[in-house]
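Reading through the structure tokens given below for one structure.
Nothing here was measured: the structure is a model prediction, and the numbers come from that model.
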Amino acid sequence: YYGWFVQLTADLALSLAYVGDVNGADKWIQLAREHYDTFLKFDYNKNYRNGIAANLFSAEGSLAFAKGKYSDSEHFYAKAVKKKKETDGWEENEFLISLLAHVAETQRELGKLVDSELTARESLFQSIKVLGVNNPYTGFALRELAKTLNEQGRPEEAEVLGREAV
């Protein structure tokens with residue numbers, strides 16, 4: 001029950017953060033945190049625990065991003081990536097691809113353009129490997145890489161990738 005509830009409330013907080021309702025997201029993320037603490041008292045298997053943790057940390061990263069707290073956002077997204085990579089089968093997971101793209105976006109906002117490029121390339125590589133070139137996740141990863149290349153002053157490369165993303 002607790003894991004399911006943490007995931008549900010974290011997903012709701014994440015959705016509200018995406019649409020800019022940070023007050024609503026704050027309320028739901030607080031509820032998710034409270035239930036997460038209870039969830040940790042039970043002996044669930046490692047994959048389930050890490051998956052729930054990744055969902056919560058991703059929602060916290062999204063909320064911090066929506067508030068413009070990019071350092072906090074990067075921290076939470078990095079925790080989510082770490083937890084996801086500690087889960088069996090992480091190499092073939094769409095959620096990880098999305099998380100990496102969000103890390104790259106956050107790093108770009110922080111001006112960490114080299115880190116952002118490397119993370120965006122990892123997201124793109126994972127997406128192509130797992131889902132192929134004609135997939136929305138691959139387009140999302142391409143877009144993040146293109147934005148970073150453009151910020152680095154490499155508009156020609158960014159344009160090529162941007163066209164591929166579309």
Side-chain angles (χ1 to χ4, degrees), residues 7 10-26 28-29 32-33 47 50-166:
Q7 185 168 348
D11 285 347
L12 183 55
L14 182 144
S15 296
L16 290 170
Y18 278 150
V19 298
D21 183 359
V22 294
N23 291 330
D26 265 329
W28 285 102
I29 203 72
R33 285 181 195 131
N47 288 331
N50 287 340
I52 296 298
N55 274 49
L56 177 60
F57 297 146
S58 174
E60 298 225 50
S62 295
L63 178 56
F65 191 91
K67 291 179 174 181
K69 296 181 177 182
Y70 301 121
S71 292
D72 291 345
S73 179
E74 181 186 31
H75 169 76
F76 283 120
Y77 280 136
K79 284 176 68 171
V81 167
K82 182 178 185 283
K83 287 296 183 184
K84 203 63 196 161
K85 285 185 174 181
E86 291 173 358
T87 304
D88 293 340
W90 68 267
E91 300 91 348
E92 298 185 3
N93 190 282
E94 295 170 359
F95 182 50
L96 177 64
I97 295 162
S98 176
L99 283 173
L100 289 167
H102 287 300
V103 172
E105 177 183 32
T106 303
Q107 290 168 330
R108 189 175 58 251
E109 290 295 329
L110 288 167
K112 298 179 176 181
L113 299 179
V114 172
D115 291 337
S116 178
E117 179 182 351
L118 293 173
T119 305
R121 288 186 185 279
E122 182 182 358
S123 176
L124 179 59
F125 172 77
Q126 285 295 108
S127 189
I128 291 171
K129 183 176 98 175
V130 173
L131 304 168
V133 294
N134 295 319
N135 186 282
Y137 282 94
T138 303
F140 180 53
L142 274 168
R143 183 191 76 182
E144 291 307 319
L145 180 56
K147 287 171 134 181
T148 298
L149 293 176
N150 194 53
E151 286 286 318
Q152 290 176 337
R154 297 157 64 187
E156 296 83 15
E157 292 173 73
E159 182 179 0
V160 170
L161 293 178
R163 287 179 191 269
E164 286 298 315
V166 175

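To the nearest 0.5 Å, atom CG of residue Leu110 and atom CD of residue Glu105 are 11.0 Å apart. Here the straight-line distance linking atom CG of Asn23 with atom CG of Asp21 works out to 6.5 Å at 0.5 Å rounding. Here the straight-line distance linking atom OG of Ser73 with atom CD of Gln107 works out to 10.0 Å at 0.5 Å rounding. Expressed to the nearest 0.5 Å, how far OG of Ser71 lies from NZ of Lys112 amounts to 6.0 Å. Atom OG of residue Ser15 and atom CH2 of residue Trp28 lie 11.5 Å apart, to the nearest 0.5 angstrom. Between the CG atom of Leu145 and the CG atom of Asn150 there is a distance of 11.0 Å, given to the nearest 0.5 Å.
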Yes or no on side chain to side chain contact (heavy atoms under 4.5 Å, CB included) for Gln152 and Leu149, after CA distance, side-chain angles and deciding distance?
CA-CA 5 Å; Gln152 290 176 337; Leu149 293 176; 3.4 Å; yes
Derivation and outcome, salt bridge (Lys or Arg N to Asp or Glu O under 4.0 Å), residues Lys147 and Glu151:
CA-CA 6 Å; Lys147 287 171 134 181; Glu151 286 286 318; over 6 Å; no
Between Phe95 and Asn55, is the side chain to side chain contact (heavy atoms under 4.5 Å, CB included) condition met? List the steps.
CA-CA 9 Å; Phe95 182 50; Asn55 274 49; 3.6 Å; yes
Could you give me the CA-CA distance, side-chain angles and deciding distance for Glu156 and Glu159, then say whether side chain to side chain contact (heavy atoms under 4.5 Å, CB included) is met?
CA-CA 5 Å; Glu156 296 83 15; Glu159 182 179 0; 5.9 Å; no
Show your reasoning for whether side chain to side chain contact (heavy atoms under 4.5 Å, CB included) applies to Glu144 and Leu100.
CA-CA 10 Å; Glu144 291 307 319; Leu100 289 167; over 6 Å; no
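Annotation for Thr106 and Glu74: closest pair CG2-N, 3.4 Å, computed over non-hydrogen atoms. Minimum interatomic distance between Ala59 and Ala10 (heavy atoms only, all atoms of both residues): CB-O, 3.2 Å. Here the closest heavy-atom approach between residue Ala17 and residue Ala25 is recorded as N-CB, 3.8 Å.
The backbone N or O of Ala54 lies less than 3.5 Å from no partner atom in the side chain of Ser58, so there is not a single donor-acceptor pair. The main-chain N or O of Ala104 is never found under 3.5 Å from a side-chain atom of Thr119 such that the two would form a donor-acceptor pair.
The only option from Ile29, Asp72, Leu16 that meets the side chain to side chain contact (heavy atoms under 4.5 Å, CB included) definition with Leu63 turns out to be Ile29. Between Thr148 and the choices Arg108, Glu117, Arg121, the side chain to side chain donor-acceptor pair (under 3.5 Å) rule is met once, by Arg108.
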Hey, can you pull the donor-acceptor pairs under 3.5 Å for the side chains in residues 76-84, sequence neighbours left out?
from	atom 1	to	atom 2	distance (Å)
Tyr77	OH	Ser62	N	3.4
Tyr77	OH	Ser62	OG	2.8
Lys82	NZ	Glu86	OE2	2.8

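Within the 4.5 Å cutoff, the side chain of Val133 has no heavy atoms near those of the Glu164 side chain.
In this structure, the ring of Phe57 has its center no less than 6.0 angstrom from the ring center of His102.
Residue Tyr18 places its OH atom among more than 12 non-hydrogen atoms of other residues, nucleotides or ligands, all under 6.0 Å distant.
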